[in-house]
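Below, each value reflects all heavy atoms present in this structure, side chains not excepted, and no hydrogens, waters or symmetry copies.
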Amino acid sequence: MTALGKEDTGSGGARFSWGDLFLMRIVEFVGPALVRTLGATWRTRVVNFEAVERVHAKGRVIVHAFWHGHILPLEYVYRGRRIFVLSSWHRDGEMSARLMTRLGYGVERGSTSRGSARGLLKMIARARSGCDLAITPDGPRGPARHAQSGILYLAVKSEAVIIPVAAAASRYRRLSSWDGFLIPLPFSRVVVVHGEPFEPADPDLGSANLEVEAGRLSSELDRLTESAEKMLKAGNDSGADD
């Protein structure tokens, strides 16, 4: 790292304090071990992964879509698959990028929010090259559980198929963050449910159509979340673990 007085420069020219850089180093090297250790204690059931396999069998690329609050259990389940994620340039995004890279994800930098095209174009290019993607359609700052239209634009332009995914845990903590970040506790039961392939009913990218399709995706993600929670309450979560 190059000394720049009290600050240093991260990826994309972002400037971080020495305290930020120290925290990033901790997250980069300690975070992945914590995620793997915690996840290894969970009794995890993955439901309807066949939906993913069917799309791949047709030679199509997948965009995994899930609520921002479900990142932790899903980043454990999908680790090591070289799925590409989008991470912003600010401090939290830099920490996330370092953590995800260590867990075996590909990372592109940018944003799908506030009309930013750069991040979307990078992800479209990855999908067109044959890489699967993962997007939190309510990220990076919400509102929670309200899908933004960027993921639909990405899927249509890259000819990818969206697979909605949701997670639930039998014992957990939720952070007081905007997304209600879900942290399954050690030795809890975790269910990850995949929905059926989701493609816009009308590929016309007009703003009205995008809003309708975003609402439809939000409803499906909420339905899958409720389904995962019901499986745990009914004890119907036995099966092959991850």
Side-chain angles (χ1 to χ4, degrees), residues 10-14 24 27-28 31-32 35 46 49 51-68 70-141 147-167 192 194-200 203 205 210 213-214 217 220-221:
S11 302
M24 288 172 190
V27 170
E28 181 178 1
V35 171
V46 178
F49 189 75
V52 172
E53 295 172 333
R54 288 196 302 271
V55 173
H56 282 161
K58 295 178 181 178
R60 302 285 299 278
V61 168
I62 289 172
V63 181
H64 303 271
F66 47 89
W67 293 138
H68 198 275
H70 294 176
I71 284 179
L72 179 56
L74 293 174
E75 73 181 2
Y76 174 76
V77 169
Y78 284 119
R79 71 197 185 283
R81 298 177 186 268
R82 194 58 179 172
I83 296 171
F84 273 80
V85 299
L86 191 63
S87 185
S88 63
W89 294 112
H90 57 71
R91 187 193 69 171
D92 291 348
E94 182 70 23
M95 288 191 290
S96 174
R98 296 184 185 202
L99 171 64
M100 298 300 277
T101 298
R102 292 278 179 173
L103 287 173
Y105 292 85
V107 178
E108 288 290 356
R109 309 308 293 268
S111 175
T112 59
S113 66
R114 299 181 184 275
S116 173
R118 188 175 180 184
L120 282 174
L121 291 175
K122 289 179 179 179
M123 294 292 269
I124 288 170
R126 286 293 182 184
R128 288 178 174 173
S129 71
C131 299
D132 282 350
L133 313 176
I135 295 285
T136 55
D138 60 341
R141 294 186 178 88
Q148 301 173 29
S149 60
I151 187 173
L152 300 164
Y153 182 89
L154 186 158
V156 170
K157 287 298 185 181
S158 62
E159 299 183 354
V161 178
I162 297 172
I163 294 288
V165 193
V192 173
H194 295 79
E196 291 303 309
F198 181 102
E199 296 186 79
L205 296 176
L210 284 175
E213 296 297 339
L217 178 58
E220 177 62 6
L221 286 170

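Side-chain atoms of Ile162 and Ile135, non-hydrogen and from C-beta on, never get closer than 4.5 Å to each other. Residues Tyr105 and Arg81 are not in side-chain contact: their nearest non-hydrogen atoms beyond the backbone lie 4.5 Å or more apart. Looking only at side-chain heavy atoms (C-beta outward), Val85 and Glu108 stay at 4.5 Å or farther from each other. Inter-residue side-chain proximity for His194 and Val46 is flagged as met; some heavy-atom pair is nearer than 4.5 Å. In this structure, the side chains of Leu133 and His64 stay at 4.5 Å or more apart for every pair of heavy atoms. In this structure, the side chains of Pro137 and Leu221 come closer than 4.5 Å at one or more pairs of heavy atoms.
When all heavy atoms of Val165 and Phe66 are compared, the closest pair comes out as O-CB, 3.2 Å. Between Gly195 and Ala51, the closest heavy-atom pair is O-CB, 3.5 Å. Listed here is the closest heavy atom pair of Pro32 and Arg102: CG-CB, 3.3 Å. Here the closest non-hydrogen pair linking Leu217 and Ala147 is CD2-CB, 4.3 Å. Across every non-hydrogen atom of Ser149 and Leu210, the tightest pair is CB-CB, 3.9 Å. In this structure, Pro164 and Glu220 approach most closely via the heavy-atom pair CG-CG, 3.8 Å.
A salt bridge links Glu94 with Arg98: the closest approach of a Lys/Arg side-chain nitrogen to an acidic carboxylate oxygen falls below 4.0 angstrom. A salt bridge does not link Glu159 to Arg60: none of the charged nitrogens lies less than 4.0 Å from a carboxylate oxygen. Ion pairing between Glu196 and Arg54 holds under the 4.0 Å rule for side-chain N and carboxylate O.
When atom types are taken as modelled, the side chain of Lys122 and the backbone of Arg109 share a donor-acceptor pair closer than 3.5 angstrom. Using a distance-only test at 3.5 Å, with no hydrogens or angles considered, no donor-acceptor pair links the side chain of Arg128 to the main chain of Ala125. With Tyr78 contributing its side chain and Ile83 its backbone, the two residues share no donor-acceptor pair below 3.5 Å. Using modelled atom types, no side-chain atom of Tyr76 and backbone atom of Ile71 make a donor-acceptor pair closer than 3.5 Å. Listed for the His68 side chain is no donor-acceptor partner under 3.5 Å among the backbone atoms of Thr136.
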Give the C-alpha distance, both sets of side-chain angles, the deciding distance and a yes or no for side-chain contact (heavy atoms from CB on, under 4.5 Å) between Asp132 and His56. CA-CA 10 Å; Asp132 282 350; His56 282 161; 2.6 Å; yes

- Task: For the pair Phe198 and Ile163, evaluate side-chain contact (heavy atoms from CB on, under 4.5 Å) and give the outcome as yes or no after the intermediate values.
- Result: CA-CA 6 Å; Phe198 181 102; Ile163 294 288; over 6 Å; no

Open item on the list: Apply side-chain contact (heavy atoms from CB on, under 4.5 Å) to residues Leu154 and Val63 and explain how you reach the verdict.
Closed with: CA-CA 9 Å; Leu154 186 158; Val63 181; 3.7 Å; yes

Practice item. Carefully, step by step, assess Val161 and Val61 under the rule side-chain contact (heavy atoms from CB on, under 4.5 Å). Key: CA-CA 6 Å; Val161 178; Val61 168; over 6 Å; no

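Rounding to the nearest 0.5 Å places CD of Glu213 at 10.5 Å from CD of Glu199. The distance from the CD1 atom of Ile62 to the SG atom of Cys131 is 12.5 Å, given to the nearest 0.5 Å. With values rounded to the nearest 0.5 angstrom, Met123 atom CE is found 9.5 Å from Ser158 atom OG. The CD1 atom of Ile124 sits 12.0 Å away from the OG atom of Ser129 when rounded to the nearest 0.5 Å.
Atom CZ of Phe49 has more than 12 neighbouring heavy atoms from other residues, nucleotides or ligands inside a 6.0 Å radius.
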